[in-house]
Amino acid sequence: MSFAVDIKRRVSKIARIGSLSIGGNRPISVQSMTNCAVKDIKSTTEQIRRLEESGCDLIRIAFPDLQSCQLIPVIKSRARVPLMADVHFNYHIALKAMSQGIDGIRLNPGNIRKEAEIIQIIEEAQKKNVMIRFGINAGSLDKNILAKHREPNSLALAEEAERVVKFLQKLKYQNFVLSIKSSNVMDTIEANKIVAKMCDYPLHIGITEAGFDRSGIVKSAAGISILLYEGIGDTIRVSLTGDPVKEVLVGHDILKALGIKNKGINLITCPTCGRCQVDIYKIAKKIENRLQDIPIPLTIAIMGCMVNGPGEAKIADFGIAYNKKEAMLYRKGQLIGRYNTKEAIDLLSQEVETLQRAEQN
Ligand code: SF4
């Protein structure tokens with residue numbers, strides 16, 4: 001199934017962190033952050049492994065003190081994707097993290113304010129080829145900017161970003177990404193639109209402290225999708241309270257829904273109604289679990305009855321439409337046969353796996 005709308009992406013410079021390039025025409029990367037204490041090395045490395053398996057391109061880890069930075073070599077030796085140290089208040093932590101081999105640093109210019117300290121970090125980053133993300137956050141804006149705008153609105157966020165960009169340009173520092181975030185969706189969108197016009201540095205987008213479950217996913221999807229549709233955003237993070245793996249899965253789903261990422265299974269399921277005589281949720285979950293590791297782009301439709309079922313099933317790569325309790329299985333618009341649910345799921349999985357093997361060879 002193809003998406004008719006082509007998004008015209010803003011052309012940005014490229015920033016590099018380890019093996020990952022952000023910006024330019026590089027794929028939009030999905031990132032997340034570990035949420036266990038870094039000193040709990042077992043949980044940290046386990047979480048990194050699960051994030052990598054779920055398709056996370058870049059992982060941020062909070063390093064709260066100098067001592068915790070000693071763990072960087074061992075954590076790095078167990079990670080396949082680039083790692084970014086989240087640093088607040090104490091610039092010595094950023095210097096130490098870089099001396100221990102971290103790939104990137106996330107700084108909040110709102111809480112490391114002394115220019116001399118930021119200059120030291122940048123000089124070290126330049127020597128070690130470390131990328132920095134400058135994270136402008138509504139919760140920690142420059143006090144003069146905040147006083148001028150009276151509230152941390154989009155104009156205040158954009159002005160803070162402009163202040164940071166001018167400072168970095170004075171230093172001729174290039175290898176950085178900007179993020180401009182608020183927990184307010186509209187302020188985040190507006191601020192990013194202003195900054196996207198003002199400069200051509202790569203942008204990390206997301207809604208900060210979006211929340212959990214339904215509200216967090218909805219806020220993140222709304223903010224990130226609108227910006228991506230405008231062509232803005234080179235790397236995304238969905239911020240959710242809870243298991244960070246969910247952030248990555250939702251991030252990839254947003255990219256898939258917009259047709260930006262064409263990888264893996266795009267599952268279409270009918271919402272069900274009174275006509276439905278089977279448990280579509282249970283069936284779709286089974287199919288999702290069986291095929292979650294398939295990397296090739298495929299659209300699979302699972303439909304509950306004959307009203308819209310055959311139509312959707314025929315335009316998908318594979319589809320199941322129920323006729324009473326009988327599953328009608330389609331491949332590329334052609335009816336393969338009528339089966340019970342178990343047979344249909346088994347056959348569908350076999351067909352998809354055969355297709356994947358053929359693509360690999
Ligand atoms: S496909 Fe059929 S069961 Fe599913 S929502 Fe539409 S009418 Fe209802």
Side-chain angles (χ1 to χ4, degrees), residues 5-31 57-58 60 82 84 103-110 115 118-119 121-123 125-126 128-138 141-142 145 149 153-182 185-208 223-238 251 254-255 258-261:
V5 179
D6 274 336
I7 293 172
K8 198 167 174 315
R9 188 163 157 204
R10 162 183 173 264
V11 180
S12 76
K13 290 186 166 62
I14 292 175
R16 292 192 169 82
I17 174 165
S19 55
L20 182 71
S21 296
I22 298 174
N25 62 359
R26 304 301 194 276
I28 294 169
S29 47
V30 175
Q31 50 178 291
D57 300 303
L58 168 60
R60 184 156 54 111
M84 176 177 273
D103 304 297
I105 300 281
R106 188 267 186 175
L107 292 182
N108 181 339
E115 290 194 355
I118 299 178
I119 289 171
I121 296 172
I122 290 172
E123 284 174 351
Q126 280 170 320
K128 297 201 154 60
N129 223 3
V130 166
M131 190 195 88
I132 301 180
R133 162 153 78 102
F134 289 89
I136 288 126
N137 197 300
L141 288 177
D142 176 270
I145 291 176
H149 294 276
N153 57 24
S154 58
L155 293 176
L157 284 161
E159 192 171 328
E160 173 81 323
E162 190 178 7
R163 184 184 72 80
V164 170
V165 165
K166 282 187 177 155
F167 175 68
L168 297 172
Q169 282 173 334
K170 219 165 59 186
L171 298 174
K172 300 197 177 352
Y173 180 57
Q174 298 267 351
N175 194 26
F176 68 89
V177 167
L178 284 172
S179 65
I180 304 102
K181 292 189 182 180
S182 163
V185 176
M186 295 309 280
D187 280 343
T188 305
I189 292 168
E190 285 304 315
N192 275 279
K193 283 172 75 172
I194 298 168
V195 176
K197 271 201 197 119
M198 177 194 63
C199 68
D200 63 354
Y201 296 103
L203 294 177
H204 161 130
I205 58 167
I207 305 298
T208 196
I224 292 172
S225 298
I226 290 171
L227 284 168
L228 290 175
Y229 182 73
E230 298 270 337
I232 297 168
D234 303 288
T235 179
I236 65 171
R237 182 198 173 192
V238 172
I254 291 172
L255 296 179
L258 295 173
I260 292 171
K261 181 184 166 224

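Excluded from the calculations below are hydrogen atoms, water molecules and symmetry mates; all remaining heavy atoms, backbone and side chain alike, are included.
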### Task
To the nearest 0.5 angstrom, please state how far the CE atom of Met131 sits from the CD1 atom of Ile22.
4.0 Å

### Query
Can you tell if the side chain of Leu228 reaches within under 4.5 Å of the side chain of Ile254, non-hydrogen atoms only?
yes

### Exercise: identify the closest heavy-atom pair between Ala15 and Asn175
CA-OD1, 3.2 Å

### side chain to side chain contact (heavy atoms under 4.5 Å, CB included) evaluation trace for Leu58 with Met84
CA-CA 7 Å; Leu58 168 60; Met84 176 177 273; 4.3 Å; yes

### Message
Take a 6.0 Å sphere around NZ of Lys128 and say whether it holds more than 12 heavy atoms from other residues, nucleotides or ligands.
### Response
yes

### Query
Are Arg163 and Glu159 close enough for a salt bridge, meaning some N to O gap below 4.0 Å?
no

### Message
Just so I know, are the side chains of Leu227 and Lys193 near enough to count as touching, which here means a heavy-atom distance under 4.5 Å?
### Response
yes

### Query
Does the pair Val177 and Asp234 meet the rule for a side chain to side chain contact (heavy atoms under 4.5 Å, CB included), with working shown?
CA-CA 9 Å; Val177 167; Asp234 303 288; over 6 Å; no

### Query
Do you know which two heavy atoms are closest between Leu141 and Ala156, and how far apart they sit?
CD1-CB, 3.8 Å

### Query
Looking only at atom types and distance, does a side-chain atom of Thr235 sit under 3.5 Å from a main-chain N or O of His204, one as donor and one as acceptor?
no

### Query
How many angstroms lie between CD1 in Ile122 and NZ in Lys172, if you round to the nearest 0.5 Å?
13.0 Å

### Message
Check this for me, if you would: do Arg10 and Asp200 make a salt bridge, where the nitrogen-to-carboxylate-oxygen distance has to be below 4.0 angstrom?
### Response
no

### Query
What distance do Ile7 atom CD1 and Ile232 atom CD1 have between them, rounded to the nearest 0.5 Å?
11.5 Å

## Note on the structure
Closest non-hydrogen contact found for Gly233 with Arg9 is O-NE, 3.8 Å

### Message
side chain to side chain contact (heavy atoms under 4.5 Å, CB included) for Arg26 and Arg16? Distances and angles first, verdict last.
### Response
CA-CA 11 Å; Arg26 304 301 194 276; Arg16 292 192 169 82; 3.8 Å; yes

### Task
Answer yes or no: is there a side-chain heavy-atom contact under 4.5 Å between Ser12 and Leu203?
no

### Query
Do Ile118 and Phe167 come within less than 4.5 Å of each other through their side chains, counting heavy atoms only?
yes

### Task
May I have the step-by-step check of side chain to side chain contact (heavy atoms under 4.5 Å, CB included) for Ile226 and Val185, ending in yes or no?
CA-CA 10 Å; Ile226 290 171; Val185 176; 5.7 Å; no

### Task
Could you tell me whether the side chain of Pro109 reaches within less than 4.5 Å of the side chain of Val164, counting heavy atoms only?
yes

### Query
Atom CZ in Arg106, atom CZ in Arg60: separation rounded to 0.5 Å?
5.0 Å

### Non-hydrogen atoms of Ser179 and Gly135 that approach each other most closely
OG-CA, 3.2 Å

### Query
Between atom CD1 of Ile17 and atom CD1 of Ile132, what is the distance when rounded to the nearest 0.5 Å?
10.5 Å

### Query
Side-chain contact, heavy-atom cut-off 4.5 Å: Lys181 with Arg237?
yes

### Query
With distance as the sole test, does Asp142 use its side chain to make a donor-acceptor pair with the main-chain N or O of Glu160 at under 3.5 Å?
no

### Query
Would you say Ile236 and Leu255 make side-chain contact, with heavy atoms under 4.5 Å?
yes

### Query
What are the two closest non-hydrogen atoms of Ala158 and Val195, and how far apart are they?
CA-CG2, 4.0 Å

### Task
Report, as yes or no, whether the 6.0 Å neighbourhood of atom CE on Met198 holds more than 12 heavy atoms from other residues, nucleotides or ligands.
yes

### Message
Minimum heavy-atom separation for Ser21 and Ile14, please, with both atom names.
### Response
CB-CG2, 3.8 Å

### Summary
dist Ile207:CD1 -> Asp187:CG (nearest 0.5 Å) comes out at 9.5 Å

### Query
Are any of the side-chain heavy atoms of Ile194 and Leu157 separated by less than 4.5 Å?
no

